[in-house]
There are 2 protein chains.
Amino acid sequence: MLNEKSLSVSPDCSECPIRHRAVCARCETDELERLEEIKYYRKFEAGQTVIWSGDRMEFVGSVVSGIATLTQTMEDGRTQMVGLLLPSDFVGRPGRSSAAYDVVATTDLVMCCFRKAPFEEMMVRTPHIAQRLLEMTLDELDAAREWMLVLGRKTAREKIASLLSIIARRDASINQRDVGDRLTFDLPLTREAMADYLGLTLETVSRQVSALRKDGVIELEGKRHVTIPDMGRLLEEAGDDADGGVFA
Amino acid sequence: MLNEKSLSVSPDCSECPIRHRAVCARCETDELERLEEIKYYRKFEAGQTVIWSGDRMEFVGSVVSGIATLTQTMEDGRTQMVGLLLPSDFVGRPGRSSAAYDVVATTDLVMCCFRKAPFEEMMVRTPHIAQRLLEMTLDELDAAREWMLVLGRKTAREKIASLLSIIARRDASINQRDVGDRLTFDLPLTREAMADYLGLTLETVSRQVSALRKDGVIELEGKRHVTIPDMGRLLEEAGDDADGGVFA
DNA sequence: ACAAGACTTTGACGCAGATCAAGATTTGGA
DNA sequence: TCCAAATCTTGATCTGCGTCAAAGTCTTGT
């Protein structure tokens with residue numbers, strides 16, 4: 001269930017990513033109007049849980065701004081982040097009734113949501129929506145498998161470099177920067193969240209970030225503001241040669 | 001490309017899993033006939049590579065019998081298995097032209113294949129196929145994320161127990177056994193393949209298998225024949241409480 | 001049936017990353 | 001503005017798993 005702290009925002013959002021990425025681009029006008037009818041916005045504050053694992057899912061949607069994470073937890077408290085949701089990423093499982101993971105806003109977050117039942121109904125009537133969703137799910141699957149290599153076989157230093165290169169690349173594409181230039185961004189994750197993503201402890205994350213800084217692979221201003229002087233070098237450190245990770 | 005050692009087998013296969021799982025179950029007759037036209041079988045020997053990462057994919061299909069694996073390799077030779085394909089699992093990426101991973105037969109393998117272009121064309125005409133494929137892809141994504149927890153946060157012993165419980169569960173469902181009974185099966189993987197799946201070395205796998213045997217969690221006859229006297233106990237060892245892993 | 005190769009087990013030892021601990025820096029609320 | 005809580009850094013030590021090595025056991029072909 002949505003947290004009571006969430007609240008609707010303006011119902012108009014011309015840059016709503018689902019409009020471009022998932023649904024509207026190829027829709028006929030009447031479907032587009034129907035979509036507008038079932039669309040609404042939700043806002044969450046940093047730290048709020050969007051959905052708890054096991055909760056009934058009543059919407060699907062996508063991230064408009066901010067960052068959310070998908071997390072799994074074992075009974076003894078060990079946690080593993082299994083997905084990082086950046087603007088334009090899709091959330092939800094057409095055809096599934098309950099959430100499989102905790103979804104947590106790590107920064108202030110705006111989501112564009114569609115009520116699930118009418119969305120699914122529309123999916124049946126409009127085949128290209130199902131196809132677009134299949135494509136997006138295949139991308140996520142590739143990303144998850146890419147991450148399995150990171151978790152299973154990379155060293156701590158390579159893991160940090162992999163994560164930084166993914167965030168840098170995504171950030172560059174959102175802000176229309178050229179990868180290859182000096183990239184600069186704010187880390188949207190605490191050291192602990194990074195550790196949960198990478199299967200490490202926060203102390204190891206801190207040490208390896210310091211080491212990469214000392215070696216000139218990254219520059220830091222404060223704790224969170226990162227600049228990558230040489231993306232090629234970072235990718236080498238990540239063990240990805242040049243082409244880099246697929247993570248969406 | 002398919003390896004030259006592969007060869008067609010009988011074109012009839014009444015228990016072809018795709019018939020039940022992905023496509024035919026809800027097809028109208030004419031689609032079913034069309035499917036028959038583009039269907040063919042391929043047989044591979046243990047150890048053969050079905051497709052190399054980067055190769056042009058000319059078919060989609062599913063495993064009829066035997067086991068295949070999806071593997072990623074780094075330049076320095078480190079490898080990580082990112083998927084385990086058991087009978088009825090689907091292989092291939094509608095909408096993608098080249099393979100993202102190596103697909104290797106670890107036992108003798110029979111696959112039921114469909115030529116990709118006509119299959120995709122049919123997908124467009126027959127919406128429920130696209131929907132079925134979306135469901136299957138979502139299952140795979142859940143499995144991959146479940147595995148991220150295994151790789152990132154579990155100990156070597158828990159990893160082995162997790163893998164054994166997945167294989168045992170799948171084997172039980174294929175052979176219509178009741179989970180909860182004494183389960184018995186042949187391990188379809190070498191110690192090295194298990195290590196590649198679990199992000200461990202083969203020596204560690206061997207030691208932990210021995211330890212689980214010594215502790216009575218599993219019984220071994222020869223190197224490969226395993227029996228699980230108490231599935232609940234195994235799941236505890238895996239750190240999954242009771243309900244267990246989703247891995248498909 | 002036997003030899004050669006593939007697979008597996010076990011031991012000894014080292015190291016990357018975890019754990020435990022203490023401070024330092026940043027953030028936010030009254 | 002100042003205090004308390006959250007976040008981050010760094011150090012010392014421990015340990016699970018990797019590495020290296022050797023020997024045992026299956027499998028296969030001739």
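Chain letters run A, B, ... following the sequence lines, proteins first, then strands; residues in each count from 1.
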ask   = Checking B/Gln80 side chain against B/Tyr197 main chain: does a donor-acceptor pair fall under 3.5 Å?
value =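 Looks like yes, one N/O pair under 3.5 Å.
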query = Is A/Leu200 touching bases, backbone alone, or none of the nucleic acid, heavy atoms closer than 4.0 Å?
reply =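 Counting heavy atoms under 4.0 Å across all strands, the contact made by A/Leu200 is with sugar-phosphate only.
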query = Which is true for B/Gly199 with a 4.0 Å heavy-atom rule: it touches a base, it touches only sugar-phosphate, or it touches nothing?
reply =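 Sugar-phosphate contact only - B/Gly199 comes under 4.0 Å of backbone atoms but never of a base.
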Between [atom2] on [N] and [atom1] on [X], what's the gap in Å once rounded to a whole number?
X: B/Arg191; N: D/dC26; atom1: CZ; atom2: P; result: 12 Å
X: B/Lys159; N: D/dG16; atom1: NZ; atom2: P; result: 14 Å
X: B/Leu198; N: D/dC17; atom1: CG; atom2: P; result: 12 Å
X: B/Glu203; N: D/dG16; atom1: CD; atom2: C1'; result: 14 Å
X: B/Leu187; N: C/dT8; atom1: CG; atom2: C1'; result: 13 Å
X: B/Met194; N: C/dT8; atom1: CE; atom2: C1'; result: 12 Å
X: A/Ile160; N: D/dT9; atom1: CD1; atom2: C1'; result: 14 Å

inquiry  = Checking salt bridge (Lys or Arg N to Asp or Glu O under 4.0 Å) between A/Glu237 and each of A/Lys159, A/Lys154, A/Arg157, which is the one that passes?
reply    =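 With A/Glu237 as partner, A/Lys159, A/Lys154, A/Arg157 yield a single salt bridge (Lys or Arg N to Asp or Glu O under 4.0 Å), made by A/Arg157.
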query = Would B/Asp196 and B/Thr69 satisfy side-chain contact (heavy atoms from CB on, under 4.5 Å), going step by step from the backbone distance to the final call?
reply = CA-CA 10 Å; B/Asp196 281 343; B/Thr69 61; over 6 Å; no
request  = Could you check A/Leu202 against A/Arg153 and say which one's nearest nucleotide on DNA chain D is further toward the 5' end?
outcome  =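 By nearest-heavy-atom nucleotide position, the 5'-most residue is A/Leu202.
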inquiry  = With a 3.5 Å cut-off and heavy atoms only, can you find an N or O donor on one side and an acceptor on the other between the side chain of A/Glu192 and the base of D/dC8?
reply    =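 No such pair is found, so the answer is no.
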inquiry  = Given the structure, check if the side chain of A/Arg207 and the base of D/dG11 hold any donor-acceptor pair shorter than 3.5 Å.
reply    =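 Donor-acceptor pair under 3.5 Å: yes.
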[options]: which one has an atom nearest the side-chain heavy atoms of [X]?
X: B/Thr201; options: D/dG11, D/dT9, D/dG18; answer: D/dG18
X: B/Thr204; options: C/dT8, D/dG18, C/dG17; answer: D/dG18
X: A/Ser206; options: D/dT9, D/dT19, C/dG17; answer: D/dT9
X: A/Gln208; options: D/dC17, C/dT10, C/dG17; answer: C/dG17

query = So which of A/Val110, A/Leu109, A/Val50, A/Leu86 actually passes side-chain contact (heavy atoms from CB on, under 4.5 Å) with A/Val63?
reply =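 Of all the options given, the one that passes is A/Leu109.
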request  = With B/Leu85 as reference, evaluate B/Thr106, B/Leu70, B/Ile67 under the side-chain contact (heavy atoms from CB on, under 4.5 Å) test and give the passing residue.
outcome  =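 Among B/Thr106, B/Leu70, B/Ile67, the one meeting side-chain contact (heavy atoms from CB on, under 4.5 Å) with B/Leu85 is B/Leu70.
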query = Can you tell me how far CD of B/Glu221 sits from CD of B/Glu219, rounded to the nearest 0.5 angstrom?
reply =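 Here the rounded value is 9.0 Å.
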message = Any carboxylate oxygen within less than 4.0 angstrom of a Lys/Arg side-chain nitrogen, looking at B/Arg177 and B/Asp171?
response =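 Here B/Arg177 does not pair with B/Asp171 in a salt bridge, since their nearest N and O are not under 4.0 Å apart.
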query = Under a 4.0 Å heavy-atom cut-off, which of residues 209-226 of chain B touch DNA chain D?
reply =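 The stretch gives B/Lys223 as the residues lying under 4.0 Å from the strand, ordered by number.
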